[in-house]
Each structure stands twice: as structure tokens, then as C-alpha cells.
Amino acid sequence: MDRASEELERRSRYLSSLVRRTKLADPPEPEPEPEPEPEREREREREVAAKESGGGEGKGGKLVEEKEVKAAKEKKEKEKEAKVPRGEGGNGEEKKVAVRVRAADMPPALQRRAIRVALEATAAMPRIDSKRLALALKKEFDTTYGPAWHCIVGTSFGSYVTHSLGGFLYFSVDKLYILLFRTAVEPLSYQR
């Protein structure tokens with residue numbers, strides 16, 4: 001095997017293991033815009049968790065309480081939907097949009113930015129245009145984070161890509177799937 005094939009194989013194995021870990025872990029979906037949770041609601045969740053775990057008393061009571069509070073928060077986050085203002089021609093109502101991160105190797109701040117750009121772009125379109133959405137995401141990330149970002153948008157597609165470390169996000173907005181990834185740009189060295 002030549003060096004390029006070995007490197008491609010190594011990156012492919014890394015990506016496969018990353019996707020498997022992401023699927024197994026199934027982390028909670030990031031919100032487009034995090035909103036601070038009211039203190040009263042947190043206290044209520046603690047009280048409910050304490051009652052269900054026997055008042056938080058006894059062996060591991062506090063641990064059980066914390067786990068149940070965390071589980072309640074995760075359940076709430078999964079059920080939360082992003083609200084997007086309707087596009088042109090809408091009557092000013094807000095449309096609920098389900099956003100779900102399918103796989104990611106990207107810092108949460110970049111994930112939130114990608115989701116926000118996708119939501120803004122889809123809200124501005126009366127009818128979803130996959131090409132325009134892909135172009136909007138690619139341009140935003142190319143200008144902000146440097147070159148070599150790629151974006152694939154559609155309702156049904158297959159892909160097998162190699163990405164730079166920390167530059168991979170696969171998410172869905174309702175039934176529209178978006179793959180955003182970065183590749184390294186290296187100058188070609190000509191051998192003579």
C-alpha cells in the first residue's frame with residue numbers, strides 16, 4: 001500500500017469509530033439558542049426526583065436525585081423544538097422545526113452556528129432549495145473558519161467522506177438532512 005492509501009484507510013477507520021461512538025452515546029441535541037432555565041423549575045425537578053427516590057435519603061439518595069434530574073432535563077431537551085419565524089408570505093406565526101444532531105465531530109459552538117445558519121436560511125425560503133441552503137452554509141463556514149468546507153443537503157443521500165479533525169457535522173432539520181464537513185487544503189507537491 002502506498003502512503004496515501006494508508007492515510008486514507010486510517011482516516012476511514014477513525015471516522016467509522018467516531019460514528020459508532022456517536023450513535024452509541026446518542027448525546028442530547030444542541031439547541032440553536034440556549035435559553036437560561038428558571039430557578040423555580042429546577043427546584044421543582046429536584047423535588048420530584050427526591051420524592052421518586054424516597055426523599056433523597058438513604059444509600060445513594062443524592063446520586064439517584066442527581067441522575068433523575070439529569071434524565072428529566074435530557075428528556076425535556078430532546079422534546080424541545082426550535083421555533084422559526086415563517087418565511088415570506090407567512091402570517092407572522094412561528095413554525096416549529098425539529099432539529100436533531102445525528103453525528104458530530106465539531107465543537108458545540110460551531111454546531112450551534114451551523115444549525116442557526118440552516119434555520120435562518122430555511123426560514124427565508126418560501127420553498128426549501130437544497131442547493132441554496134448548501135451554498136449558504138458553505139459560504140458562511142468558508143468565510144468564518146477558513147477554506148475547504150463542503151456541504152451536502154437533501155432528503156435522501158449516501159456519503160462516505162474524510163474530514164479534518166473537529167470539522168464534521170451531520171444533522172437534520174425536520175426531514176431535511178445536512179452534512180457539513182471540512183477537509184484539509186494542502187499544496188500539491190510534484191515529484192519529478
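Just so you know, these numbers use all the heavy atoms, side chains as well, and skip hydrogens, waters and symmetry mates.
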request  = Could you tell me the separation between the NE2 atom of His150 and the CG atom of Leu179, rounded to the nearest 0.5 Å?
outcome  = 10.0 Å
task = Indicate yes or no: at least one non-hydrogen side-chain atom of Arg113 is less than 4.5 angstrom from one of Tyr145.
result = yes
key: Euclidean distance, Leu176 CG relative to Thr155 OG1, rounded to 0.5 Å   = 7.5 Å
inquiry  = Any heavy-atom pair between the side chains of Ile115 and Val101 that's under 4.5 Å?
reply    = yes
note = Rounding to 0.5 Å, atoms OG1 (Thr122) and CG (Leu133) come to a distance of 6.5 Å
inquiry  = Applying a strict under-4.5 Å side-chain criterion to I, L, V, M, F, W and Y, I'd like to know whether Leu119 and Met125 cluster together.
reply    = yes
task = Rounded to the nearest 0.5 Å, what's the gap from CZ on Phe181 to CG on Asp105? Could you check?
result = 13.0 Å
request  = Please confirm whether Phe168 and His163 have ring centers closer than 6.0 angstrom.
outcome  = yes
ask   = Taking the side chain from Lys138 and the backbone from Trp149, do they hold a donor-acceptor pair closer than 3.5 Å?
value = yes
inquiry  = Using 0.5 Å steps for rounding, measure from the CG atom of Leu180 to the CD atom of Gln111.
reply    = 10.5 Å
ask   = For the side chain of Asp174 and the backbone of Val97, is there at least one donor-acceptor N/O pair under 3.5 Å apart?
value = no
message = I'd like to check Phe141 versus Leu110 (side-chain heavy atoms, cut-off strictly below 4.5 Å). Are they in contact?
response = yes
request  = State, to 0.1 Å, how close Ala184 and Ser164 come at their nearest heavy-atom pair, and which atoms those are.
outcome  = N-OG, 3.0 Å
inquiry  = Just verifying a value: how many Å separate Lys139 NZ and Cys151 SG, rounded to the nearest 0.5 Å?
reply    = 13.5 Å
inquiry  = With side-chain contact (heavy atoms from CB on, under 4.5 Å) as the test, pick out the partner of Glu140 among Leu137, Thr144, Asp142.
reply    = Thr144
ask   = Looking at residues at least two apart in the chain, or sitting in another chain, which of them share a ring pair (Phe, Tyr, Trp, His ring centres under 6.0 Å) with Tyr177?
value = none
